[in-house]
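For reference, the structure discussed in these notes is given below.
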Amino acid sequence: MSSNNNLYKAQKTSKCWLMKTEPDVFSIDDLKKNKTTLWEGVRNYQARNYMKEMQVGDSVIFYHSSSKPSGVAGLATVNKTAVPDPTQFNKKSEYFDPKATQEKPIWFCTEVKFVTKFNNFISLEDIKNDKNLSEMVVIQKGSRLSIQPVSPKDFEYIQQLSVKTTK
DNA sequence: GCCAACGTTGGC
DNA sequence: GCCAACGTTGGC
């Protein structure tokens, strides 16, 4: 098999995600500066399960929530698969979980790497107004999961939107 | 700051 | 295992 085929296959099997963060706490600029970060503090089982599914190289839409405005600030990628979230063992952490033990951790986090910061932020309103993105989980009623799957089609579209509006 | 929607907890 | 009460998320 040629290397081109391998590349094609890798792209085909990699998944796309959306990860929410409050920019006051950790923003795309923080990620740009730090290059990578452990996605600590997720305390929702569904979001945790999605993180466990993530593979190195998966694409991540970096979403600013509870912000003015909220929306997509840039892109990232999965740098390391899920490991036990260290904050669950730390009594001083706001994310401490007394039920978790080193032998039986409850919470996991992936390492995420900076890819790009959009020159033109794509606001939540932009997404809502775009018929092509009507299936995104982030705009579904009542949806508040901090980690969500994104279809490759929607990921591609968001990526192209950011390129177009930059010109 | 409000509140709808969803998740979690705990009594029964 | 039901479900009321409570806590949290996150857009507005």
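Proteins get letters first, then strands, A, B, ... in listed order; numbering begins at 1 in each.
As rounded to whole Å, 7 Å separates atom P of dG10(C) from atom CD of E22(A). Between R43(A) atom CZ and dT9(B) atom P the separation is 13 Å, expressed in whole Å. Between Y95(A) atom OH and dT8(C) atom P there is a gap of 12 Å when expressed in whole angstrom units. Between H64(A) atom NE2 and dG10(C) atom P the separation is 13 Å, expressed in whole Å. Atom CG of D24(A) and atom C1' of dT9(C) are 15 Å apart (whole Å). Atom-to-atom, CD1 of I106(A) to C1' of dG7(B) comes out at 16 Å; the value is rounded to the nearest Å.
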Any N/O pairs under 3.5 Å between the protein and nucleotides 2-4 of chain C? List them or say none.
none

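Nucleic acid contact class of K68(A) (heavy atoms, under 4.0 Å, all strands): none.
Residues forming a side chain to side chain contact (heavy atoms under 4.5 Å, CB included) with S27(A) (at least two apart in sequence, or on another chain): P23(A), D29(A), D30(A), H64(A). For F121(A), there are no ring-ring contact (aromatic ring centres under 6.0 Å, His included) partners, not counting sequence neighbours.
Residue pairs that meet the salt bridge (Lys or Arg N to Asp or Glu O under 4.0 Å) test with at least one member in residues 124-140 of chain A, sequence neighbours left out, do not exist here. For residues 150-159 of chain A, no pair satisfies salt bridge (Lys or Arg N to Asp or Glu O under 4.0 Å), with sequence neighbours left out.
By the criterion of side-chain heavy atoms lying less than 4.5 angstrom apart, applied directly or through intervening Ile, Leu, Val, Met, Phe, Trp or Tyr residues, I139(A) is grouped together with L161(A) in one hydrophobic cluster. Both Y157(A) and M136(A) sit in one connected hydrophobic cluster of ILVMFWY residues. Membership requires side-chain heavy atoms under 4.5 Å apart, directly or through other members. A continuous path of hydrophobic side-chain contacts links L31(A) to W39(A) [ILVMFWY only; heavy atoms under 4.5 Å].
Put simply, the side chain of N34(A) never gets that close to the backbone of T37(A): no donor and acceptor are under 3.5 Å apart. Using a distance-only test at 3.5 Å, with no hydrogens or angles considered, no donor-acceptor pair links the side chain of T36(A) to the main chain of K113(A). Side chain of D97(A) to backbone of K99(A): a donor-acceptor contact under 3.5 angstrom is found.
If one axis is set at each end of the helix from dG1(B)-dC12(C) to dC12(B)-dG1(C) from five pairs, those axes are 10° apart, to 10°.
The side chain of Y63(A) places no N or O atom within less than 4.0 Å of a non-bridging phosphate oxygen (OP1 or OP2) of dT9(C).
Inter-residue side-chain proximity for Y63(A) and M19(A) is flagged as unmet; no heavy-atom pair is nearer than 4.5 Å.
Non-hydrogen atoms lying under 4.0 Å from DNA chain B are contributed by K141(A), G142(A), R144(A), all within residues 134-151 of chain A. Looking at residues 96-105 of chain A, you'll see K99(A) sit with a heavy atom under 4.0 Å from some atom of DNA chain B.
Taking only side-chain atoms of Y45(A), from C-beta outward, the nucleotide of dC12(C), dT8(B), dG10(C) with the closest atom is dT8(B). Considering only the side chain of N44(A), dG7(B) comes nearest among dG7(B), dC12(C), dG10(C).
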Show me the side-chain donor-acceptor pairs of residues 76-89 of chain A shorter than 3.5 Å, one per line, residues at least two apart or across chains.
{"residue": "T77(A)", "atom": "OG1", "partner": "D58(A)", "partner atom": "O", "Å": "3.0"}
{"residue": "N79(A)", "atom": "ND2", "partner": "E111(A)", "partner atom": "OE1", "Å": "2.7"}
{"residue": "D85(A)", "atom": "OD1", "partner": "T87(A)", "partner atom": "N", "Å": "2.9"}
{"residue": "D85(A)", "atom": "OD1", "partner": "T87(A)", "partner atom": "OG1", "Å": "2.6"}
{"residue": "D85(A)", "atom": "OD2", "partner": "G41(A)", "partner atom": "N", "Å": "2.8"}
{"residue": "D85(A)", "atom": "OD2", "partner": "R43(A)", "partner atom": "NH1", "Å": "3.1"}
{"residue": "D85(A)", "atom": "OD2", "partner": "T87(A)", "partner atom": "OG1", "Å": "3.4"}
{"residue": "T87(A)", "atom": "OG1", "partner": "R43(A)", "partner atom": "NH2", "Å": "3.0"}
{"residue": "Q88(A)", "atom": "OE1", "partner": "I106(A)", "partner atom": "N", "Å": "2.9"}
{"residue": "Q88(A)", "atom": "OE1", "partner": "W107(A)", "partner atom": "N", "Å": "2.9"}
{"residue": "Q88(A)", "atom": "NE2", "partner": "D85(A)", "partner atom": "O", "Å": "2.9"}
{"residue": "Q88(A)", "atom": "NE2", "partner": "W107(A)", "partner atom": "O", "Å": "2.8"}

Would you list the atom pairs, donor with acceptor, under 3.5 Å between side chains in residues 66-75 of chain A and any protein atom, with sequence neighbours excluded?
{"residue": "S67(A)", "atom": "OG", "partner": "P69(A)", "partner atom": "O", "Å": "2.9"}
{"residue": "S70(A)", "atom": "OG", "partner": "S66(A)", "partner atom": "N", "Å": "3.4"}
{"residue": "S70(A)", "atom": "OG", "partner": "S67(A)", "partner atom": "N", "Å": "3.3"}
{"residue": "S70(A)", "atom": "OG", "partner": "S67(A)", "partner atom": "O", "Å": "3.3"}

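One finds the CZ atom of F114(A) at 9.5 Å from the CZ atom of F62(A) (value rounded to the nearest 0.5 Å).
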